[in-house]
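The next block holds one structure in the form of structure tokens; read it before the comments.
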Amino acid sequence: MIERIVKMGFIPDQIDAFIEIFELNKDKIRNFEGCSHVKLLRDINQPNQFFTYSHWESEEHLNNYRNSTLFKGVWANTKNKFNQKPEAWSVNIV
């Protein structure tokens, strides 16, 4: 299993729109083959900073999601709301 962390910074007036996109799609992402968990985290000191945290059976499952129509649609509606370049990490528990 791998855990995926994605850090995203948003234009302040686009935060509500992003949260709505996440809420509309979180169950679809969670039900995507190979995904067992997804949640959205918000930085307590920088309220425009968010993190998605997800669990994937393998990197192949994650890549299948990243190449899917679902991801492409979510990403297209999200990336225009960023005020900084997103960062992503795939990690294992030690």
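Side-chain atoms are counted along with the backbone in the values below, which use heavy atoms only and exclude waters and symmetry mates. Sequence positions, counted from 1, serve as the residue numbers for this chain.
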From [X] atom [atom1] to [Y] atom [atom2], the distance as rounded to the nearest 0.5 Å:
X: Phe18; Y: Lys79; atom1: CZ; atom2: NZ; answer: 15.0 Å
X: Glu87; Y: Phe51; atom1: CD; atom2: CZ; answer: 8.5 Å
X: Phe22; Y: Lys39; atom1: CZ; atom2: NZ; answer: 10.5 Å

Below 4.5 Å, heavy atoms only, C-beta onward: do [X] and [Y] meet side chain to side chain?
X: Ile93; Y: Glu3; result: yes
X: His55; Y: Ile2; result: no
X: His37; Y: Tyr53; result: yes
X: Lys7; Y: Ile5; result: no
X: Ile11; Y: Phe82; result: no
X: Phe50; Y: Ile19; result: yes

When you measure from the side chain of [X] to the backbone of [Y], do you find a donor-acceptor pair of N or O atoms at a distance under 3.5 Å?
X: Arg30; Y: Val38; result: yes
X: Arg42; Y: Pro47; result: yes
X: Asn48; Y: Gly9; result: no
X: Asp43; Y: Gln49; result: no

Task: Ser54 and Trp56: CA distance, side-chain angles, deciding distance, side-chain hydrogen bond (donor to acceptor under 3.5 Å, both in side chains) verdict - done: CA-CA 7 Å; Ser54 55; Trp56 296 89; 2.8 Å; yes
Indicate, with yes or no, if [Y] and [X] share a hydrophobic cluster defined by side-chain heavy-atom contacts under 4.5 Å among Ile, Leu, Val, Met, Phe, Trp and Tyr.
X: Leu41; Y: Ile29; answer: no
X: Ile44; Y: Leu40; answer: no
X: Ile21; Y: Ile15; answer: yes

Task: Minimum-distance pair of heavy atoms, taken over all atoms of Met8 and Pro86 - done: CG-CB, 4.2 Å
TODO: Return yes when atom CD of Gln84 has more than 12 non-hydrogen atoms of other residues, nucleotides or ligands closer than 6.0 Å, and no otherwise.
DONE: yes
Open item on the list: For the CG atom on Asn80, are there more than 12 heavy atoms of other groups (residues, nucleotides or ligands in this structure) within a distance under 6.0 Å?
Closed with: yes
Open item on the list: Enumerate the side chain to side chain donor-acceptor pair (under 3.5 Å) contacts for residues 62-78, please, sequence neighbours excluded, ordered by first and then second residue.
Closed with: none
Open item on the list: Tell me every residue that passes salt bridge (charged side-chain N to carboxylate O under 4.0 Å, His left out) with Glu33, counting only those two or more places apart in sequence or in another chain.
Closed with: none
Open item on the list: Does Arg4 form a side chain to side chain contact (heavy atoms under 4.5 Å, CB included) with Leu62? I'd like the steps, not just the answer.
Closed with: CA-CA 9 Å; Arg4 181 75 166 181; Leu62 173 60; 3.7 Å; yes
